[in-house]
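Order of the sequence lines fixes the chain letters, A, B, ..., with proteins taken first and strands second; residue numbering starts at 1 for each chain. Every heavy atom of this structure was used, including side-chain atoms; hydrogens, water molecules and symmetry mates were not. These numbers come from a predicted model, not from an experiment.
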Amino acid sequence: MWNPPDREVFFAIVWKITQQIPEGLVMTYGQIAAMIPPPGDTTPDVYERMGSRWVGQAMNNTPEGQGVPWQRVINSKGGISLLAGSRAAEQQRHLLHTEGVEFNEKGLIDFNIYGWDGPDADWLKANDLYPPPSMKSDDPQQLNLF
DNA sequence: CGTTTGACTACGC
DNA sequence: CGCGTAGCCAAAC
């Protein structure tokens, strides 16, 4: 599959960001990609379209045993991108559930409740990263309880 | 070797 | 709201 320039370096940054995601919250591939400056000679417009897929590759190559909460990275729709019904997809859903992240009736995660808008400004500055765009909806979430 | 295949997303119908 | 497509390339087949 396609890879970003400096594959290993890019992956390491993705994993580092992923480790910042608090338990019980989630970020999207696109958000993480938006935080990382375009690597190598990648132009911003190409990066905007390819970044999220590269983040997906980083997740696919997540090193085990290093505490990278890969399950907290989901797609822009709020769903799991792994093949539906696969062992890995079920594990991701299970891990998120044990963290308290719940799926709505459409099988999607509500960003207004579980979405994380990134690390604080100091951390971003220290790591030369940009703040990610928020995935939270502008209009207030309607409470459908009762 | 030539083909297929992706942990994605924005955009146009 | 659903579906197709571009973007763009290293590996596995």
Just the rounded figure in Å: distance from [atom2] of [N] to [atom1] of [X].
X      : N      : atom1 : atom2 : answer
A/L83  : B/dC8  : CG    : C1'   : 15 Å
A/L108 : C/dC1  : CG    : P     : 10 Å
A/L96  : B/dA7  : CG    : P     : 18 Å
A/F111 : B/dT9  : CZ    : P     : 8 Å
A/R53  : C/dT5  : CZ    : C1'   : 11 Å
A/K77  : B/dC11 : NZ    : C1'   : 14 Å
A/Q57  : C/dA12 : CD    : P     : 12 Å
A/M50  : C/dC8  : CE    : P     : 7 Å

[X] near the nucleic acid: base, sugar-phosphate alone, or nothing, with a heavy-atom cut-off under 4.0 Å?
X     : answer
A/W54 : nothing
A/S81 : sugar-phosphate
A/N75 : sugar-phosphate

Write down the distance separating the [atom1] atoms in [N] and [M], rounded off to the nearest Å.
N      : M     : atom1 : answer
C/dC8  : B/dG2 : P     : 23 Å
C/dA11 : B/dT9 : C1'   : 23 Å
C/dG2  : B/dA7 : P     : 22 Å

Picking from B/dT9, C/dC8, C/dC1, which would you name as closest to the side chain of A/K106? C/dC1

For the side chain of A/T28, starting at C-beta, report the closest nucleotide among C/dC8, B/dT9, B/dA7.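 Of the candidates, B/dT9 comes closest.
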
Parallel under 30°, tilted from 30 to 60°, perpendicular over 60°: which one fits the rings of A/W54 and A/Y47?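 Ring orientation, 0 to 90° scale: tilted.
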
Would a distance-only check, ignoring hydrogens and angles, find a side-chain to backbone donor-acceptor pair under 3.5 Å from A/W15 to A/A58?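 The answer is yes, because a donor-acceptor pair under 3.5 Å joins these two groups.
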
Quick check: does any side chain N or O of A/N61 sit under 3.5 Å from a backbone N or O of A/Q57, one acting as donor and the other as acceptor? yes

State whether the number of non-hydrogen atoms from other residues, nucleotides or ligands found under 6.0 Å of A/K136 atom NZ is greater than 12.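 For A/K136, atom NZ is crowded (more than 12 foreign heavy atoms under 6.0 Å).
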
With a cut-off of less than 4.0 Å, is there a side-chain N or O of A/S76 near OP1 or OP2 of B/dC8? no

Ignoring hydrogens and geometry beyond distance, is a side-chain donor-acceptor pair present between A/Q66 and A/Q19 at under 3.5 Å?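 A/Q19 and A/Q66 do not have a side-chain donor-acceptor pair below 3.5 Å.
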
